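Read through the structure below, which is laid out as structure tokens, and then see the notes.
Keep in mind it's a predicted model, so treat the numbers as computed, not measured. Computation of the quantities below employed the complete heavy-atom set of this structure, encompassing side-chain atoms and omitting hydrogens, waters and symmetry-equivalent molecules. By convention in this document, chain letters (A, B, ...) are assigned in the order of the sequence lines, proteins followed by strands, and residues within each chain are numbered from 1.
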2 protein chains.
Amino acid sequence: MNRSTLTDFKKKALSKAAVNKEYQSLAPAYALRKKLIALRQKAGLTQEQIADVLHTQKSNISRLENANSVNSPKLSTIEQYADAVGYDIEIKFTPKKAHNE
Amino acid sequence: MNRSTLTDFKKKALSKAAVNKEYQSLAPAYALRKKLIALRQKAGLTQEQIADVLHTQKSNISRLENANSVNSPKLSTIEQYADAVGYDIEIKFTPKKAHNE
DNA sequence: TATGCAGTTATCATAGTTGATAACTTCGAG
DNA sequence: CTCGAAGTTATCAACTATGATAACTGCATA
């Protein structure tokens with residue numbers, strides 16, 4: 001379970017209002033990883049099984065799923081992962097919220 | 001205008017049924033680039049203006065917008081571009097179409 | 001024609017992601 | 001308790017996206 005880890009991160013990231021803007025940019029990355037994990041579990045696959053499909057190692061899948069946030073994956077990597085769990089991807093653009101609400 | 005270039009690509013890519021599968025994986029990348037260009041033009045910005053905002057060069061923006069398809073951008077790069085034109089991004093997952101329809 | 005703007009392409013160095021291996025922690029089954 | 005499955009973390013090499021510079025095309029316009 002990584003729920004606590006994610007929760008901890010959010011709490012820490014949001015603890016100071018000063019870092020809110022940074023969190024805004026970190027948030028999509030975490031939203032993505034949560035989705036990846038959810039899709040994989042929904043498909044009933046282990047990290048190792050996905051690694052096999054993509055001809056790589058389970059450690060790399062683990063890194064992709066909960067990267068250190070200092071690490072931004074390539075679009076093609078996300079695509080391949082999505083393919084392994086049976087999904088296509090699309091990037092959705094939504095008008096940005098004002099920085100000073 | 002690069003419309004003709006994109007159209008040419010699609011025509012060529014789809015000309016042989018054998019490469020349809022490859023096109024499936026190339027398609028999201030091209031869909032993305034078309035969106036990037038559309039958003040930039042909608043914002044009334046030039047590549048150079050975006051480059052200034054992101055503290056980089058217009059040549060790099062050009063490369064991002066119409067990459068040679070052998071090149072897959074990082075998620076953070078797309079994020080930064082989106083930010084420059086006033087948008088947030090989100091990755092949408094949709095169940096994969098069957099390979100043999 | 002000539003000038004400037006917008007975008008493209010090529011190139012190289014740098015930074016960063018990914019591949020691969022190994023050791024480690026949890027945790028549940030036996 | 002022991003064992004194996006699942007996942008994590010660290011490390012280094014290999015690969016590749018990005019930063020930066022420069023030269024180029026096409027186009028509008030004066």
Side-chain angles (χ1 to χ4, degrees), chain A residues 1-9 25-26 28-30 32-85 89 91, chain B residues 1-9 25-26 28-30 32-85 89 91:
Chain A
M1 301 218 186
N2 48 15
R3 226 168 318 155
S4 59
T5 304
L6 269 173
T7 308
D8 287 352
F9 167 77
S25 68
L26 251 49
Y30 267 86
L32 168 65
R33 303 181 202 292
K34 278 169 64 179
K35 282 187 189 175
L36 292 181
I37 297 174
L39 290 179
R40 179 172 62 81
Q41 292 176 342
K42 189 172 168 186
L45 298 174
T46 67
Q47 291 182 344
E48 194 166 20
Q49 286 173 317
I50 292 193
D52 287 345
V53 174
L54 302 183
H55 302 98
T56 184
Q57 284 69 38
K58 63 175 183 173
S59 59
N60 298 326
I61 302 299
S62 174
R63 176 174 55 192
L64 176 63
E65 285 185 357
N66 36 322
N68 323 324
S69 70
V70 294
N71 162 326
S72 184
K74 293 200 293 175
L75 186 59
S76 60
T77 305
I78 302 169
E79 257 179 72
Q80 290 170 10
Y81 184 107
D83 184 80
V85 293
I89 71 170
I91 299 193
Chain B
M1 304 226 182
N2 48 16
R3 225 169 317 155
S4 61
T5 304
L6 269 173
T7 307
D8 287 353
F9 168 77
S25 69
L26 252 48
Y30 269 84
L32 168 66
R33 302 181 201 292
K34 279 169 63 178
K35 282 187 190 175
L36 291 181
I37 296 174
L39 290 179
R40 178 171 62 81
Q41 292 177 341
K42 189 172 168 186
L45 297 174
T46 66
Q47 291 182 345
E48 194 165 20
Q49 287 173 319
I50 292 194
D52 287 345
V53 174
L54 302 184
H55 302 99
T56 182
Q57 285 67 38
K58 63 175 184 173
S59 58
N60 298 326
I61 302 298
S62 174
R63 178 174 53 193
L64 176 64
E65 286 185 356
N66 35 323
N68 324 323
S69 70
V70 293
N71 163 325
S72 185
K74 292 199 295 176
L75 186 59
S76 61
T77 305
I78 302 170
E79 257 179 73
Q80 290 170 11
Y81 184 107
D83 185 80
V85 292
I89 71 170
I91 299 192

note = Checking C:dA10, D:dG7, D:dT18 against the side chain of A:Arg40 (C-beta onward), the nearest is D:dG7
remark   = B:Leu36 atom CG is separated from C:dG7 atom C1', nearest whole Å, by 15 Å
note = In whole angstroms, the gap separating P of D:dG7 from CG of A:Leu64 amounts to 13 Å
Matching residue for B:Gln47 among B:Arg63, B:Glu65, B:Gln57 - test: side-chain hydrogen bond (donor to acceptor under 3.5 Å, both in side chains) = B:Glu65
task = Examine D:dG7: is either OP1 or OP2 under 4.0 Å from a nitrogen or oxygen in the side chain of A:Ser62? Give yes or no.
result = no
ask   = With a 3.5 Å cut-off and just heavy-atom distances, do the side chain of B:Ser72 and the base of D:dT16 make a donor-acceptor pair?
value = no
task = Considering just the side-chain nitrogens and oxygens of A:Gln57, establish if one lies under 4.0 Å of OP1 or OP2 belonging to C:dA20.
result = yes
query = Do the side chains of A:Ile89 and A:Leu75 get nearer than 4.5 Å, heavy atoms only?
reply = yes
request  = May I have the distance from B:Asn60 (atom CG) to C:dT11 (atom C1'), rounded to whole angstrom?
outcome  = 12 Å
inquiry  = For D:dT11 and A:Arg63 - does any side-chain N or O of the residue sit under 4.0 Å from the phosphate oxygens OP1/OP2?
reply    = no
query = Rounding to a whole Å, what distance do you find between B:His55:NE2 and D:dG19:C1'?
reply = 14 Å
message = On the nucleotide D:dT9, are OP1 or OP2 found under 4.0 Å from the side-chain N or O atoms that A:Asn66 carries?
response = yes
ask   = Considering only heavy atoms from C-beta outward, does the side chain of B:Asn60 approach that of B:Leu54 to under 4.5 Å?
value = no
request  = Report yes if at least one side-chain N or O of B:Thr77 is closer than 4.0 Å to OP1 or OP2 of D:dT18; otherwise report no.
outcome  = yes
Side chain A:Arg33, main chain A:Asn66, donor-acceptor under 3.5 Å = no
query = If you round to the nearest 0.5 Å, how far is CG of A:Asp83 from CD1 of A:Ile78?
reply = 13.5 Å
query = Whole-Å distance between C:dT8 P and B:Ile37 CD1?
reply = 7 Å
Rounded interatomic separation in angstrom, taking OH from B:Tyr81 and P from D:dG19 = 14 Å
key: Nearest-angstrom distance from the residue atom CD1 of B:Ile61 to C1' of D:dA20   = 13 Å
task = Compare side-chain N and O positions of A:Lys74 against OP1 and OP2 of D:dA17 and report whether any pair is under 4.0 Å apart.
result = yes
message = Whole angstroms only, please: what is the CD-P distance between B:Glu79 and D:dA17?
response = 18 Å
key: Whichever of A:Leu75 and A:Lys58 has its nearest DNA chain C nucleotide further upstream toward 5'   = A:Leu75
